[in-house]
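In what follows, a single structure is set out as structure tokens and then discussed.
Protein chains get the first letters and strands the later ones, always in sequence-line order, with residue 1 at the start of each. What you see below is based on every heavy atom in this structure, not just the backbone, and it leaves out hydrogens, waters and symmetry mates.
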Amino acid sequence: MAKAAKKHKGIQKRNRQAYLYLLPWLLGFAILQLYPFMKSFYYSFTDYMITNKPSFVGLENYIKLLTVDTDFWNSFRVTLVYTLYTVPGKLVMALAVAVFLNRNIKGINLIRTFYYIPSLFGGSVAIAILWKLMFMDNGVINALLATLHLPAVHWLGDKKYALKTICLMEIWQFGSSMVMFLAALKNVPKDLYESASIDGAGKIASFFKITVPQITPIIFFNMIMQTIQALQNFTSAFVITEGGPLKSTYVLGMKLYKEGFTYFKMGYASAISWIIFLVIMLVTLMLFRSSSGWVHYEDDGEF
Amino acid sequence: MKRFMSLTVMLCLMLALFAGCGNSSEKNDADASNGAASSDAGTSSTDTNTGSTDASSSDEAITLRFAWWGGDERTAATLEVIKQFEALHPNITIEAEYGSSDGYHDKLSTQLASGTAADIVQVDPETFPTYVDTSDYFVNYMDYDFDLSNFDEAYISLSINGRYDGKQLGLPSGIAGPMMLVNQDLADAIGIDFTQDYTWDDLITWGQKVRQYDDSMYLLCTNKDYVTNLVVYNYLKQLTGKTIFNKADMTMNLTEEQLAQIFDYVQMLYDEGVCAPANYAAAYSGDNLQSDPNWIDGKYVCAFSYISTMDVMIAANDDGNYSVGNLPVMDGALNNGWTANCPQVFAITKSCEHPEAAIAFMDYFFNNETAMETLACTRSVPPTGKAREICQANGSLSELAMNAANIASAMGGLTPDSIASSQEGKQIVMDAVEEIAYGANTPEDAAGNTISLLSGLIN
């Protein structure tokens, strides 16, 4: 009996120690994440304006957002289209380059580094400005088209191309997904390919029948991460096109910023941020739901 | 022992974490004394007014933050004035926070709300009323016995120049306003005379003339921001004789038919090739007109500009021979529309811990002759008669700037109301201008939509 009590006391002491070690993270989480998170939830039901004291208005912000504000549905559509372009585009690009780099040739590490460089700049304003300069009417891309005797394209000024131009920048930053694909490709057992080739399978068949199923957990992980990132996009739309032309690149992140920091309507902006949060959660849940049908785990997904 | 070691390491890490969150006042104090020791003491020989007050002359080390936006020239002159002031007041250090105008007010709004704004801030005069309306953010210069005698009373008593309900909450940095910058050689070659009185319709005729002369050229270098702020808002005042909103009783002065007529004109500007197509100009929106390669190549006859940014436009293509043209006024205009105003106001925030020191700096900034000479025309035509004399004598006040200020002042149009000139009000009108410019909407439909969105601002 006394022994059990002593053991219990020991566990309690160790728990306290563990919490002490976790304290820096817990404090950071509570102050920098949990508190703003809950506060924004509260603000979304108020008419908070940065400059005035918030007063409760119930669901007014949400009702206005979903029924009156036509910009919201446009932004919603633009954000979905952006996600539908960039996520598959980036995954295919990253996988293709990873397959290309998954070989033993001289200087392969240097080549891998070069392909990773665009991702190091990820989300930076400088790269967005560079993109803007490249795709301007008098920019490098149109100059290249001119040397090929092709007509100039209004990459940023034409509603048809502006969003696609921004998507290209996101797809170009495929490095982090690529590194993960590369690691996953290295983990595919070689004997699977050997037995497949003995059975007469070609390279393409092996890729789709062995490689892809073997790396589905990484495809799934990358898809989730990229989808979340795409639904939150802000920098490229803000810096390159400022949401234009004709609001064709006015993504939800940009609308959130404008309402909050340009028009000072923090309560309304908080409501937008909660809608974005719900959309991200819903999409992620749907992806998880679908995963049981196509993601293959060596250990059947058990922990 | 092991446990003792791990706890010690843990505590050290936590202390390091909290030290990172602490404020930097100690460091600032150290900087203040260093800055004072190393600052150049040789600039004060001709000073007539050092603006010393109790706080600024005591030995207490004071650090002030001063925020502004502007180009390289303005920044260099302002930094030089800071240096001069610090030499006279070794106990005061001024930390400069400068950059471009992009996002400046977005940041300032949050800083004001959280009480972390700089002590002295440069603010756009059309954004200033929003801040004044919402909260008590700024110090009244009059509470501090600030010497306003160099300013023209009629000028600084206008609310757009900083006086609200008898309180001087801001000081105008200069005399500015819209202007027509003309590439004179090209205008002469095509036969267009901007020195005469002319109407908005003349601009359309001249625009067609330019296209006939050379189809790679346009009359007007502009973008949706300038069309909104200068064409739509001034056309509107001339047409209605009023601003969009009547702030006193929160009503709208503008009808849908009137707005449709204004938007018709905007459509003509684009359809008749008076300005470059919207999809071309999109890359040079906001304050980026000077980056338009066609402006740099001298392919535009003129540009609506501001006196405060004229130099930037000229610097982008300094081969040109420039002049200042008159501004368009319609036949039978009910108001001239165009008006001079100040490019920025300077305000001292209530969160400032040493307002006397900030006042002393502003006093040096506006009233000291050395400072006037150093700042010259980096914020448009100087606001005080004394500074204008100095700048005219040493040649830094160009004839172009003086002409432009005279033309805008003589127009004497209505000052825009603060609801229509708020960021949201401007954005609503600009979205409509963009739709018309792209041909995505008709002037009538755009007008109906705009009126309903604008009325949302007062309901």
Answer with side chain, backbone, both or neither: which region of B/D431 has an atom nearer than 4.5 Å to a non-hydrogen atom of chain A?
side chain
Inspect the surroundings of OH in B/Y164 and state if more than 12 heavy atoms from other residues, nucleotides or ligands are less than 6.0 Å away.
yes
Is the number of heavy atoms from other residues, nucleotides or ligands under 6.0 Å of A/F56 CZ greater than 12?
yes
Using a heavy-atom cutoff of under 4.5 Å, enumerate the residues of residues 69-87 of chain A that contact chain B, numbered in order, or state 'none'.
none
Side chain, backbone, both or neither: which part of B/A283 has a non-hydrogen atom closer than 4.5 Å to chain A?
both
Kindly give the heavy-atom pair with the smallest separation between A/G157 and B/A282, and that separation in Å.
CA-CB, 3.8 Å
Are there over 12 heavy-atom neighbours, none belonging to B/K107, within less than 6.0 Å of that residue's NZ?
no
For the atom pair CG (A/N138) and OH (B/Y284), what is the distance rounded to the nearest 0.5 Å?
4.5 Å
How close do B/N279 and A/D158 get, heavy atom to heavy atom, and via which atoms?
CB-N, 4.3 Å
Heavy-atom nearest pair, B/S285 first then A/E242, reads OG-OE2, 3.3 Å
For the OH atom on A/Y42, are there more than 12 heavy atoms of other groups (residues, nucleotides or ligands in this structure) within a distance under 6.0 Å?
yes
Identify which part of A/F135 has an atom lying under 4.5 Å from any heavy atom of chain B, answering side chain, backbone, both or neither.
neither
Would you say CD of B/Q267 has more than 12 non-hydrogen atoms from neighbouring residues, nucleotides or ligands within 6.0 angstrom?
yes
How far apart are the closest heavy atoms of A/L246 and B/E434, and which atoms are they?
N-OE2, 3.0 Å
Take a 6.0 Å sphere around NZ of B/K167 and say whether it holds more than 12 heavy atoms from other residues, nucleotides or ligands.
no
Around atom CG of B/D72, are there more than 12 heavy atoms of other residues, nucleotides or ligands at under 6.0 Å?
no
Is the shortest heavy-atom distance from the side chain of A/F264 to the side chain of B/T130 under 4.5 Å?
yes
If every non-hydrogen atom of B/E424 is compared with every non-hydrogen atom of A/Y263, which pair is closest and at what distance?
CA-CE2, 3.5 Å
Answer key: most heavy-atom pairs under 4.5 Å with chain A among B/P293, B/S422, B/G286, B/S135 is B/P293
